[in-house]
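As structure tokens, the structure follows; a few thoughts come after it.
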Amino acid sequence: MKEFLSGSGEAQGAYSWQHLTFVTTLMLIMVLAAIFLGKRYKNQALSEKNKVLIWAAILIDGFELAKIIIACSLDGSIAPLRTMLPLFLCSIQLIAIPLAAFSKGKLKNAALDFVLIFGILGAVMGTYGAAQNYNAYPVLAWPNIVSGITHSISGFASLYIIFSGMASMNKKSIPICLSILAAFCILAYIANITLDYNYMFLMRGDGTPYDIFYNMVNGNPVLYPLIVVALFFIYILGFYYIYFLIKSKKTVAHADPIAAVAATCEQDCIDEGTEPQA
């Protein structure tokens, strides 16, 4: 309990067997829960499906609030808040999941897509990729446990949206989805300037792959953050593109098989410069 509450003790280190065992266990629970609940609610009304998202929103923000309270209590001040705002790529879900759960209409559809697109990415980055945390604290210290749980809820929400059939993935949602990310980036940039921090890695790479781009432009304070935001936009657009590509192929596969084969043969003949056979 002392190790859990104080975060003191020897850190087992990033990618130690303790780290990998802990986060892999969380990921397995996350995936199994998403599959089970997703299949269970798949054929129910949207209002019923949404109840699971509401609980996910309450839990993820509840755990994060507990984390902030513990950190401030141990520090005896509100100073830890400076580094705990939900303005990292993997912590955006603290706002995005409630937005998806409680909003309506086009905003809800876009928020659902946003959670779907970034949920799994944030879950993996915040558990397997959280090398700094696991080098600083024992695996079972409260910072790692709470962080692991919140990131797992993020990944759960993403997978649940897939398995329950809640994803809209509509082209009309793309501008809204991009706008949500742009708003977060603007807030993160303002927070970075005000608090002298590095939310969303908009100021520097800090040992991440973003260092490649930071060094490429010699740390230019304008070009570098623009590149980071552009990469986020490309990721979103790429995700939509792959989704639509897979969807179109599935549509063709489920169409009339004779017509599909005929269309394929005809296209082959066109490519070869021959006449299609009856």
Side-chain angles (χ1 to χ4, degrees), residues 4 19-42 44 46-71 80-81 83-103 108-134 137 139-168 177 180-181 184 199-200 239:
F4 170 77
H19 170 204
L20 295 177
T21 300
F22 175 63
V23 299
T24 300
T25 301
L26 287 176
M27 293 297 100
L28 286 174
I29 294 172
M30 174 191 83
V31 172
L32 292 175
I35 293 174
F36 173 75
L37 291 173
K39 296 293 185 181
R40 179 179 178 182
Y41 285 92
K42 184 175 179 64
Q44 297 197 27
L46 180 61
S47 59
E48 292 298 312
K49 295 179 182 181
N50 200 58
K51 289 180 180 178
V52 176
L53 270 190
I54 290 174
W55 273 107
I58 293 171
L59 287 173
I60 194 171
D61 283 354
F63 275 109
E64 189 66 17
L65 180 60
K67 179 181 174 181
I68 292 172
I69 292 172
I70 293 172
L81 277 174
T83 61
M84 300 178 73
L85 298 177
L87 294 173
F88 281 116
L89 183 60
C90 55
S91 59
I92 286 178
Q93 302 300 329
L94 295 167
I95 298 173
I97 294 176
L99 190 63
F102 295 104
S103 61
K108 184 180 186 67
N109 290 335
L112 285 168
D113 289 356
F114 192 93
V115 174
L116 167 61
I117 292 170
F118 284 102
I120 292 295
L121 180 65
V124 174
M125 288 176 60
T127 52
Y128 288 103
Q132 185 176 352
N133 284 2
Y134 290 95
Y137 306 106
V139 168
L140 296 182
W142 70 268
N144 288 335
I145 291 178
V146 176
S147 178
I149 291 173
T150 55
H151 285 91
S152 297
I153 294 174
S154 170
F156 162 81
S158 178
L159 291 174
Y160 173 76
I161 288 171
I162 295 173
F163 289 116
S164 66
M166 291 187 75
S168 67
C177 201
I180 292 173
L181 181 61
F184 278 118
Y199 287 112
M200 296 289 281
F239 196 102

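None of these values were measured; they are calculated from a predicted model. Along the sequence shown, residues are numbered consecutively beginning with 1.
Rounding to the nearest 0.5 Å places NE2 of His19 at 8.0 Å from OH of Tyr128. Taking CD of Glu64 as the reference point, atom CD1 of Ile153 lies at 10.0 Å (rounded to 0.5 Å). In this structure, CD1 in Ile54 is found 12.0 Å from CG in Leu59, a value given to the nearest 0.5 Å. Remark: Leu46 CG to Glu48 CD distance equals 10.0 Å, nearest 0.5 Å. Of the inter-residue distances, the one linking Ile58 atom CD1 with Trp55 atom CH2 reads 5.5 Å to the nearest 0.5 angstrom. Atom-to-atom distance recorded for Ile149:CD1 and Phe63:CZ is 4.5 Å, nearest 0.5 angstrom.
The backbone N or O of Ser164 sits nowhere less than 3.5 Å from a side-chain atom of Lys39 that would complete a donor-acceptor pair. Judged by distance alone, the side chain of Thr83 and the main-chain N or O of Pro80 form a donor-acceptor pair under 3.5 Å. Tyr199 contributes a side-chain N or O that, together with a main-chain N or O of Met84, makes up a donor-acceptor pair within less than 3.5 Å. The backbone N or O of Gly119 sits nowhere less than 3.5 Å from a side-chain atom of His151 that would complete a donor-acceptor pair. Under a 3.5 Å cut-off, the side chain of Ser152 and the backbone N or O of Met30 do not form any donor-acceptor pair.
Leu181 places a side-chain heavy atom less than 4.5 Å from the side chain of Met200. In this structure, Met166 and Leu53 have side chains that are in contact, with non-hydrogen atoms separated by less than 4.5 Å. Side-chain atoms of Thr21 and Thr24, non-hydrogen and from C-beta on, never get closer than 4.5 Å to each other. Between Tyr134 and Phe22, the closest side-chain pair of non-hydrogen atoms falls below 4.5 Å. Annotation: side chain of Leu121 is in contact with side chain of Met125 (closest heavy-atom distance under 4.5 Å). Leu159 has its side chain out of reach of Ile35: every pair of non-hydrogen atoms, C-beta onward, lies at least 4.5 Å apart. For the pair Ile29/Phe156, no side-chain contact is recorded, criterion being any heavy-atom separation below 4.5 Å from C-beta on.
Between Ala157 and Val115 the shortest heavy-atom distance is CB-CG1, 3.8 Å. Minimum heavy-atom separation, Thr150 to Ile60: O-CD1, 3.4 Å. Scanning both residues, Ser147 and Asn133, for their nearest heavy atoms gives OG-ND2, 4.1 Å.
Taking the six-membered ring where the residue is Trp, Tyr41 and Tyr160 present perpendicular rings, their angle passing 60° and hence far from 30°.
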Sequence neighbours left out, cut at 3.5 Å: what donor-acceptor pairs do the side chains of residues 86-102 make with other protein atoms?
from  : atom 1 : to    : atom 2 : distance (Å)
Ser91 : OG     : Leu87 : N      : 3.4
Ser91 : OG     : Phe88 : N      : 3.0
Ser91 : OG     : Phe88 : O      : 3.2

